[in-house]
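Letters go in sequence order (proteins before strands), and every chain restarts at 1.
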2 protein chains.
Amino acid sequence: MNGCSDNTDPMARTSGSHSEITGPRLREAAQRLFARHGYAAVTMRQIAAEVGVQAGALYNYIPDKQGLLADLMRAHLEDLLAAWADEPRGEGPLGALEAFTRFHIRFHLERPDAVFIAYMELRNLAPENFAGIEALRKRYETELEDILRAGQAAGVFDLPDTKLATLAVIAMLTGVTTWYRDAGRLSRERVAGLYWDMVRKAVGA
Amino acid sequence: MNGCSDNTDPMARTSGSHSEITGPRLREAAQRLFARHGYAAVTMRQIAAEVGVQAGALYNYIPDKQGLLADLMRAHLEDLLAAWADEPRGEGPLGALEAFTRFHIRFHLERPDAVFIAYMELRNLAPENFAGIEALRKRYETELEDILRAGQAAGVFDLPDTKLATLAVIAMLTGVTTWYRDAGRLSRERVAGLYWDMVRKAVGA
DNA sequence: GTGTTATCTGAACAGCCGTTCATTTCAATC
DNA sequence: GATTGAAATGAACGGCTGTTCAGATAACAC
């Protein structure tokens, strides 16, 4: 993760003082600032100030600003896919859809900054980075589409257009990150329940 | 550099009474570029090049870059509210909801750039501009909320949480702009119909 | 102690940023 | 033809941009 070449000597990593802490802190600061102000509006010096180093030091951990953005987005989407792969499914398409709904809301509410970046900064990715990131996003989308298609085939759902339903449901669920606040009147569990109620009805189950 | 081959010619290539055309062209170019690359990533010189003038000339029409963004967003939201005010409603809450759904999709698909900006660049608004823009956005949101509340009161809808349903429906509908392409397999009418089908079911009607 | 090595500083680089303004251009009016 | 004035130019402004790099610093091994 630290961008160094092959780590041939496991003991060599203990030489510096802050190397193990600066890398993660850089990523955290960048994620927070990118989400808050947008990739293009954030300067390397702002990130460095947040980390507590000079701007030049950041380049011990990242190739460049663009690479930093791509890394953040890729890491987020890989986390997402891995977490969903580990998530227990319910029974049948209906159970799977409920699992997906509750998982999606929980996962996204836990990382609002990463979600924001992944959805808003696609246009700031260089073409060579965009392709890979977009493929990951598509893979996640397909997870839901497969559930809906299976439910449609099993006669559990009523969907005139499975593909459109996939996009509609994901947009609805992801929208939660734009308004949900921890201090609000609804708990995350309650929100997930309310969304599941709407999703279930929307797919005709 | 004006791009002309003859750089010894001191005379400007274009000039004269273009004032009535340059203003709108500036706004169109800015809208397209802001939507494509993001407000912070677009330079005044890029906009000027698109319009066909030098950067300095833009300031005959706008106070500054920030004012340009605020103007674009305010104009779009006022258009949105005015268009919805003129839109014929169907009968009762169900008819109103269908009218809103179809209107929202049609209106948003007709101006993808303006929509993109209005909902992605809120964070780039200076505080004094943000308040007014956010109020307009809220007013539109309330239009849907009122419909849902009326339908809930009339027993036509089944909504455990009207406020959340409002946000969920708007997110779902607005999401159409992220994937719809005119060259795709579905017409706008068909898409609106499919979304209406899901919305109707989601609200329990 | 010496030497090694990862880490960070601080200055520099070339270039772009939004914005201003004196000047130039030219259609419209007298 | 002369005058006017809106509209555009082109250069300039101070400041900020991402990135590089020689040199300082400090923790480790010996």
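For residues 115-149 of chain A, the ring pair (Phe, Tyr, Trp, His ring centres under 6.0 Å) pairs, not counting sequence neighbours, are A:Phe100-A:Tyr140, A:His104-A:Tyr140. Annotation: salt bridge (charged side-chain N to carboxylate O under 4.0 Å, His left out) contacts involving residues 29-44 of chain B, sequence neighbours excluded, comprise B:Arg32-B:Glu50.
A search for ring-ring contact (aromatic ring centres under 6.0 Å, His included) contacts involving B:Phe103 returns B:Trp84, B:Phe107, not counting sequence neighbours. For A:Glu110, the salt bridge (charged side-chain N to carboxylate O under 4.0 Å, His left out) criterion is met by no residue, not counting sequence neighbours. B:Arg190 pairs by the salt bridge (charged side-chain N to carboxylate O under 4.0 Å, His left out) definition with nothing, not counting sequence neighbours.
Atom NE2 in B:His37 sits about 13 Å away from atom P in C:dC17, given to the nearest Å. With rounding to whole Å, B:Leu58 atom CG is found 13 Å from C:dC17 atom P. Taking atom CG of residue A:Asn60 and atom P of nucleotide D:dT25, one finds them 17 Å apart after rounding to whole Å. Atom pair A:Leu26:CG and C:dT7:P shows a separation of 13 Å (rounding to whole Å applied). The separation between B:Gln54 atom CD and C:dC21 atom P is 18 Å, rounded to whole Å.
Contact annotation: B:Thr22 side-chain N/O to D:dA8 OP1/OP2 distance is under 4.0 Å. For the pair A:Tyr61 and C:dA6, the criterion of a side-chain N or O lying under 4.0 Å from OP1 or OP2 is not met.
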Close N/O contacts between protein and nucleotides 12-19 of chain D (under 3.5 Å):
unit_1	atom_1	unit_2	atom_2	d
D:dA12	N6	B:Arg45	NH2	3.3
D:dG18	OP1	A:Val42	O	3.3
D:dG18	OP1	A:Met44	N	3.4
D:dG18	OP1	A:Lys65	NZ	3.2
D:dG18	OP2	A:Met44	N	3.0
D:dG18	N7	A:Arg45	NH1	2.9
D:dG18	O6	A:Arg45	NH2	3.1
D:dT19	OP2	A:Tyr59	OH	2.6
D:dT19	OP2	A:Lys65	N	2.9
D:dT19	O5'	A:Tyr59	OH	3.3
D:dT19	O4	A:Arg45	NH2	3.2

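The existence of a salt bridge linking B:Glu98 and B:Arg200 is excluded, since no basic side-chain nitrogen approaches an acidic carboxylate oxygen closer than 4.0 Å.
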